[in-house]
Trainee: 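One structure, as structure tokens, below. Some questions next.
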Amino acid sequence: MKKIFLMISFQLLNIFQAKTMNDSLYIFHPFNPVVFDDCDACGCAAGNGSSGFESLLNPQFVGIKYFAQHYKAKENLFVKDLTQDQYFNTIQLWGKIPLTKKLNVYASLPFHFHEKKTLQGDINISGIGDLNLMGIYQFLNSKENIHQLNGGVGVKVPFGKFDEKGISGVNPSFQLGTGSWDYQMVLNYKFQKNKVAVLLNTDYTVKTENKKYYRFGNQWNYAATGFYQFFGNDIMIFSGKAGLQGEVYDRNKQFDEVLPNTAGSALYGKLGFEASYKKFSLGSELMLPAYSHLAGGDIEAKSRFSIFLNIGI
């Protein structure tokens, strides 16, 4: 079974890797994840993993995740068409560690390698991104785990490099980090009955001004995901998932002045699977935009793909 997981993982990675998501199921508690979907999108220090929340799995885990994004952007002010391809790639180490029965600590540290194609040639940046730390508290867990409510607060530590020259382009979010300390709030509700589960998530990130007097706009994410368990026994579980995810970004500011064409929103449809074998869990997700209006229409979302491998602790 481990060989099957690895084969699926490598095949999906080969197909969807961005060229030049997230919720896992634990074997003894199917459909028991706490999920905060990826945000990493244009307008929010896009593609740098510094905003929003990745998946927080239940039970506790450590693991690795690959996340790829593709956007189209205007090449310059004199071009109307969206011709510039932008690729954001992230390999992330993450984990969720228990402190008490109801309180957990979540952490993630990304490594980014991004690329955009311009008329003057390809531009590449790579390096460590911003560290995310969050406390997650379980407010409600009803009998037989049918209803569960979790909430959390956290902080993003500016480990990633912020390049002031990068904000002059069409997408100022082509960065490794925001350069700012940002603060996060999240709420997650889960309904589970037999082989079906529904997850509702919302989170909000407050951005602050960095040392270069630049401030990325605040961000609101929301998502609804449905799960169905196709197979499950004492050793293995395999489930499919589908849903919608929306993102709204406020305008960026510099020297406290609002910058035009920096706000936006997008809505994605998503489809994926999750599987577990003993302490190992594997999941993947493909997201395609149903609606995209980013950076005042200067940037269009094209696709996202993620895959993770975790080990329960």
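When a residue number appears, it is its place in the shown sequence, counting from 1.
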Trainee: By the rule that ILVMFWY residues connect when side-chain heavy atoms come within less than 4.5 angstrom, directly or transitively, which residues belong alongside Val258?
Mentor: none

Trainee: Does the Lys NZ or Arg CZ of Lys65 fall within the cation-pi geometry relative to Phe67 - under 6.0 Å from the ring centre and within 45° of the axis?
Mentor: yes

Trainee: For Glu209, enumerate each residue passing the side chain to side chain donor-acceptor pair (under 3.5 Å) test, keeping only those at least two apart in sequence or located in another chain.
Mentor: none

Trainee: Taking side chain to side chain contact (heavy atoms under 4.5 Å, CB included) as the definition, give me every residue that meets it alongside Ala266, ordered by chain and number, with sequence neighbours left out.
Mentor: Tyr268, Leu294

Trainee: Would Phe305 and Ser303 count as a side chain to side chain contact (heavy atoms under 4.5 Å, CB included) if you check the C-alpha gap in whole Å, the side-chain angles of each, and the deciding distance to 0.1 Å?
Mentor: CA-CA 7 Å; Phe305 170 75; Ser303 66; over 6 Å; no

Trainee: Compare every heavy atom of Ala223 with every heavy atom of Lys270, then report the nearest pair and how far apart it is.
Mentor: NZ-CB, 4.1 Å

Trainee: In chain order, what residues pass the side chain to side chain contact (heavy atoms under 4.5 Å, CB included) check against Val105, with sequence neighbours excluded?
Mentor: Leu99

Trainee: Backbone N or O of Phe113 within a donor-acceptor pair of the Asn89 side chain at under 3.5 Å?
Mentor: yes

Trainee: Students often mix this up, so state it plainly: with edges at 30° and 60°, are the rings of Phe230 and Tyr228 parallel, tilted or perpendicular?
Mentor: perpendicular

Trainee: What class does the angle between the rings of Phe174 and Phe88 fall in, given that below 30° is parallel, 30 to 60° is tilted and above 60° is perpendicular?
Mentor: perpendicular

Trainee: What is the minimum heavy-atom distance between Val186 and Asp203, and which atoms define it?
Mentor: CG2-CB, 3.6 Å

Trainee: I would like to know whether Phe231 and Phe238 meet ring pair (Phe, Tyr, Trp, His ring centres under 6.0 Å); could you show each step before the answer?
Mentor: CA-CA 5 Å; Phe231 175 81; Phe238 181 86; 8.7 Å; no

Trainee: Lys72: which residues meet the salt bridge (Lys or Arg N to Asp or Glu O under 4.0 Å) condition with it, sequence neighbours left out?
Mentor: Asp85

Trainee: For a quick test of reading the model, state the closest non-hydrogen atom pair linking Gln184 to Val155 and the distance between them.
Mentor: OE1-N, 3.9 Å

Trainee: Counting N and O atoms only, with roles assigned by atom type, does the side chain of Thr225 sit under 3.5 Å from a partner on the main chain of Lys241, one being a donor and the other an acceptor?
Mentor: no

Trainee: Using modelled atom types only, decide if a donor and an acceptor are shared between the side chain of Thr208 and the backbone of Trp181 within a distance under 3.5 Å.
Mentor: yes

Trainee: Tyr183: which residues meet the ring pair (Phe, Tyr, Trp, His ring centres under 6.0 Å) condition with it, sequence neighbours left out?
Mentor: none

Trainee: Under 3.5 Å, side chain of Arg215 to main-chain N/O of Lys207, donor-acceptor pair present?
Mentor: yes

Trainee: Quick one, Tyr66 with Ser306, criterion side chain to side chain contact (heavy atoms under 4.5 Å, CB included). Give me CA distance, side-chain angles, the key distance, then yes/no.
Mentor: CA-CA 5 Å; Tyr66 169 73; Ser306 64; over 6 Å; no

Trainee: So does Asn210 get a backbone contact from the side chain of Ser180, meaning a donor-acceptor N/O pair under 3.5 Å?
Mentor: no

Trainee: Could you pull out all residues at least two apart from Ile146 that satisfy side chain to side chain contact (heavy atoms under 4.5 Å, CB included)?
Mentor: Ser142, Glu144, Phe191, Lys193

Trainee: Dump the intermediate steps for side chain to side chain contact (heavy atoms under 4.5 Å, CB included) on Lys116 and His114, then the final yes or no.
Mentor: CA-CA 7 Å; Lys116 62 180 177 180; His114 304 331; over 6 Å; no

Trainee: Using atom types as modelled and distance alone, determine if a side-chain donor or acceptor of Asp130 lies under 3.5 Å from a backbone N or O of Gly160.
Mentor: yes

Trainee: If I take atom CG from residue Leu286 and atom CD1 from residue Ile307, how far apart are they, to the nearest 0.5 angstrom?
Mentor: 12.0 Å

Trainee: Is any side-chain N of the basic residue among Lys74 and Asp298 closer than 4.0 Å to the acidic one's carboxylate O?
Mentor: yes

Trainee: Is a side-chain donor or acceptor of Lys212 paired with a backbone partner of Asp163 at a separation under 3.5 angstrom?
Mentor: no

Trainee: Please enumerate all residues that pass ring pair (Phe, Tyr, Trp, His ring centres under 6.0 Å) together with Tyr291, with sequence neighbours excluded.
Mentor: none

Trainee: Identify, with sequence neighbours excluded, every residue that meets side chain to side chain contact (heavy atoms under 4.5 Å, CB included) alongside Ile167.
Mentor: Phe162, Glu164, Pro172, Gln175, Tyr214, Gln254

Trainee: Strictly by modelled atom types, are Asn218 and Asp250 linked by a side-chain donor-acceptor pair under 3.5 Å?
Mentor: no

Trainee: Does His147 have any side chain to side chain donor-acceptor pair (under 3.5 Å) partners at least two apart in sequence or in another chain, and if so, which?
Mentor: Tyr189

Trainee: For the hydrophobic clusters of this structure (ILVMFWY residues joined by side-chain heavy atoms under 4.5 Å, transitively), does one cluster hold both Ile123 and Leu82?
Mentor: no

Trainee: Partners of Phe111 by ring pair (Phe, Tyr, Trp, His ring centres under 6.0 Å), sequence neighbours excluded?
Mentor: none

Trainee: Search all heavy atoms of Ala73 against all heavy atoms of Gln86 and return the closest pair with its distance.
Mentor: CB-NE2, 3.6 Å

Trainee: Do Trp220 and Tyr249 have ring centres separated by under 6.0 Å?
Mentor: no

Trainee: Is it the case that the side chains of His112 and Thr90 hold a donor-acceptor pair, with the cut-off being a distance below 3.5 Å and no angle test?
Mentor: yes

Trainee: Check whether any side-chain N or O of Thr118 sits under 3.5 Å from a backbone N or O of Gln120 as a donor-acceptor pair, and report yes or no.
Mentor: yes

Trainee: Indicate whether any N or O donor in one side chain lies under 3.5 Å from an N or O acceptor in the other, for Gln219 and Asp182.
Mentor: no

Trainee: Just jot down the side chain to side chain donor-acceptor pair (under 3.5 Å) partners of Ser292, sequence neighbours excluded, or say none.
Mentor: none

Trainee: Could you check Ser239 against Ile237 for side chain to side chain contact (heavy atoms under 4.5 Å, CB included), going step by step and ending with a plain yes or no?
Mentor: CA-CA 7 Å; Ser239 300; Ile237 288 175; 3.8 Å; yes

Trainee: Within this structure, what is the NE2-NZ distance for the pair His70 and Lys302, rounded to the nearest 0.5 Å?
Mentor: 7.0 Å

